[in-house]
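Right, one structure below, let's go through it.
Throughout, numbering of the chain's residues begins at 1 and tracks the sequence. Computed from a prediction, not measured in an experiment: that's the story for all the values here.
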Amino acid sequence: MRFPILTPQEAAAFFKDGDNVGFSGFTAAGTPKVVPVAVAEMAERLHAEGKPFKINVFTGASTSDLCDGALVRANAMNMRTPYQSLGDLRKSLNAHQVHYFDLHLSELAQKIRYGFFGGMDIAVIEAADLLDDGSVVLGTGVGNTPTFAKCAKKVIIELNSALPKELHGIHDIYIPLDPPYRSEIPVFKPSDRIGSSVVKIDPEKIVGVVMTDKMDEIKPFTEPDETTKHIGANVCSFLIGEMRKGIIPPSFLPIQSGVGNVANAVLYGLADAKEIPPFEMYTEVIQDAVLDLMKKGRCKFGSTCSLTVSTHMEEEFLGNLDFYKDKLCIRPAEISNNPEVVRRLGVITMNTALEADIFGNVNSTHVTGTKMMNGIGGSGDFTRNAYISIFSCPSITKGGMISNIVPMVSHVDHTEHSVDILITDQGIADLRGKDPVQRAHEIIDNCVHPEYKELLRDYLKLGENRVGGQTPHSLAASLAFHTEFINSGDMRNVDFSKY
């Protein structure tokens, strides 16, 4: 190998206070595993000596505890974007100890190439293989790696022996042209390949290689419970109904699914929905359920940015590459989440809400409007450009003390204009072609838990009788559910007669 072999500590010495650093991967998949830990340890030593050290962290999406976790606990992170999901980091950004700005995942690579955040100092990239000409075979997550590699002044490779070199050929690496002469992105079906199977890096920028053999170690999703099974069944029922009406063609359309337990349960529900033919996915994340669907012949092909699967399923995938390799394509985030491609392919999008309001607006990021949970992720990229946009959530949480359908969402990520269908364990609300009051009745009648139906009808009457207007919100009472939960811990205690 022409590149020097470094210890993690030697690699960490390249990092300087204030550096802009890009880490490969998307979720924990493909994230560097030893260099970030060494950087965190160096930060702690420097802080003990009274020296400043913080870096600005750019990623594809969330990372792992070995990256985000190690850095934030060492107080080594100044700024973070575009998405995160670790508890320690969440606490720090909600306390404004880390400057976090939420961003649609499809946008970051372009903004970095255009210099919106200054230069990229270092890129740290996990690889399954590295050739002397700087060609890199990535692991199971791509994210914004091609742009980080292109823009960074220095590149450090984590060469992971746990990843087989036979991953070569599963990736499709493509960076769009820049305006004003950008041509179309020529993806016309999910299985189209338009780029290179490797990331090509100027070998002069590769300052060294760090060896590792660590797996992603992604925890398995919770097994579907009765609530998530009901949500999955309702999603399948809706899709079958649209096929019977001829709105979805008999050959079906590509599916996108968000990340998490609800999304995974919805995908498992598709295994038994035999009226839906075998389908393709154009999505940002492939989860355990999708590999299961592929084995059962239900999912024909999956285009993704990341293989975010549990350790057991990662071992299954890597041990059966011959089976999966022609059924998967792993792309950069700006292609997997690209609005142009999503609109062209007619993708049916399925994402998860923290809460939705009776007029069809969705909050997917902020608990009680103030505390960041994870971030908007790719949901905005997909839902705004969907053939049909579906959001789902449980009707209640915390044993009924919280209704996930509220009078007005405490934070808006997806407005009523982007939400076609709302689905809970209670049922399906079709919001297409309805005005705000019609939407409110549709949601209350079909999606709200019985314990909250009358409360939300009382709120709607309050707005209609005292305020009027096209969207009859009572501003004085619009956040009463949230206020009551903060005060008493139970939204059911709301009394709208006081307003």
Side-chain angles (χ1 to χ4, degrees), residues 3-16 19-43 55-74 76-77 80-86 88-89 108-109 112 120-130 134 136-163 167 171 199 201 205-218 305-308 311 314 330 332-333:
F3 307 106
I5 303 298
L6 306 175
T7 66
Q9 293 72 30
E10 289 170 333
F14 285 99
F15 291 72
K16 302 293 184 287
D19 275 356
N20 285 345
V21 180
F23 290 102
S24 66
F26 192 97
T27 70
T31 300
K33 298 169 178 63
V34 293
V35 173
V37 173
V39 172
E41 292 169 349
M42 182 181 72
I55 59 175
N56 301 313
V57 175
F58 300 84
T59 63
S62 56
T63 68
S64 71
D65 193 64
L66 294 172
C67 188
D68 275 341
L71 291 169
V72 76
R73 287 191 295 271
M77 193 182 295
R80 180 72 171 81
T81 197
Y83 184 83
Q84 53 74 44
S85 64
L86 284 172
D88 288 337
L89 178 53
L108 181 60
I112 286 174
M120 179 68 59
D121 296 294
I122 298 176
V124 186
I125 298 171
E126 182 181 77
D129 197 12
L130 170 63
V136 169
V137 177
L138 296 179
T140 53
V142 176
N144 294 312
T145 305
T147 289
F148 294 158
K150 178 179 180 178
C151 297
K153 300 180 182 74
K154 300 181 180 71
V155 177
I156 296 168
I157 303 295
E158 275 199 14
L159 190 57
N160 193 337
S161 61
L163 298 172
L167 282 170
H171 306 93
V199 176
I201 305 173
K205 297 201 299 185
I206 300 176
V207 297
V209 177
V210 178
M211 307 303 293
T212 182
D213 60 357
K214 295 179 180 292
M215 299 286 281
D216 291 323
E217 296 185 356
I218 297 170
C305 184
S306 167
L307 195 67
T308 305
T311 299
E314 185 176 19
I330 309 178

Contacts of Tyr83 that satisfy ring-ring contact (aromatic ring centres under 6.0 Å, His included) - sequence neighbours left out: none
Lys205, NZ: over 12 other non-hydrogen atoms inside 6.0 angstrom: yes
Partner of Ser62 by side-chain contact (heavy atoms from CB on, under 4.5 Å), out of Ser306, Pro82, Ser85: Ser85
Exam field: side chain Asn160 to backbone Met215, donor-acceptor pair closer than 3.5 Å: no
Shortest non-hydrogen separation from Ala70 to Ala40 and the atoms involved: O-CB, 3.3 Å
Gap separating the CD1 atom of Ile122 from the CZ atom of Phe23, nearest 0.5 angstrom: 8.5 Å
Under 3.5 Å, sequence neighbours excluded: what are the donor-acceptor pairs made by side chains of residues 142-151?
residue	atom	partner	partner atom	Å
Asn144	ND2	Thr59	O	2.9
Thr145	OG1	Val142	O	2.5
Thr147	OG1	Arg113	NH1	2.8

Closest approach of Cys67 to Pro32 (non-hydrogen atoms, all atoms of both residues): CB-O, 4.2 Å
Rounded distance (nearest 0.5 Å) linking atom CG of Asn56 with atom CE of Met120: 9.5 Å
Pairwise side-chain contact, Phe3 with Leu159, heavy-atom cut-off 4.5 Å (strictly under): no
Euclidean distance, Thr212 OG1 relative to Leu163 CG, rounded to 0.5 Å: 9.0 Å
Closest heavy-atom pair and its distance - Pro36, Leu71: O-CD2, 3.7 Å
Result of checking Thr140, Ile218, Leu307 against Glu314 for side-chain contact (heavy atoms from CB on, under 4.5 Å): Thr140
pair Val57-Val21: side-chain heavy atoms closer than 4.5 Å: no
Shortest non-hydrogen contact between Gly134 and Ile206, atoms and distance: CA-CD1, 4.0 Å
Ile157 and Ile201, any side-chain heavy atoms less than 4.5 Å apart: yes
Under the side-chain contact (heavy atoms from CB on, under 4.5 Å) test, residues paired with Val207 that sit two or more places apart: Phe14, Lys154, Ile156
With Lys153 via salt bridge (Lys or Arg N to Asp or Glu O under 4.0 Å) - residues at least two apart: Asp121
Leu89 side chain reached by Met77 side chain, heavy atoms, under 4.5 Å: yes
Any Ile125 side-chain heavy atom under 4.5 Å of Val155 side chain: yes
Min side-chain heavy-atom separation Leu66-Glu217 under 4.5 Å: no
Contacts of type salt bridge (Lys or Arg N to Asp or Glu O under 4.0 Å), residue Asp19, not counting sequence neighbours: none
Nearest heavy atoms of Lys214 and Ala162, plus distance in Å: O-CB, 4.3 Å
Nearest heavy atoms of Ser64 and Ala28, plus distance in Å: CB-CB, 3.9 Å
Salt bridge (charged side-chain N to carboxylate O under 4.0 Å, His left out): pairs with one or both residues in residues 25-43, sequence neighbours excluded: Lys33-Glu126, Lys33-Asp216
Leu86 vs Arg73 side-chain heavy atoms within contact, under 4.5 Å: no
Backbone N/O of Gly139 and side chain of His171: donor-acceptor pair under 3.5 Å: yes
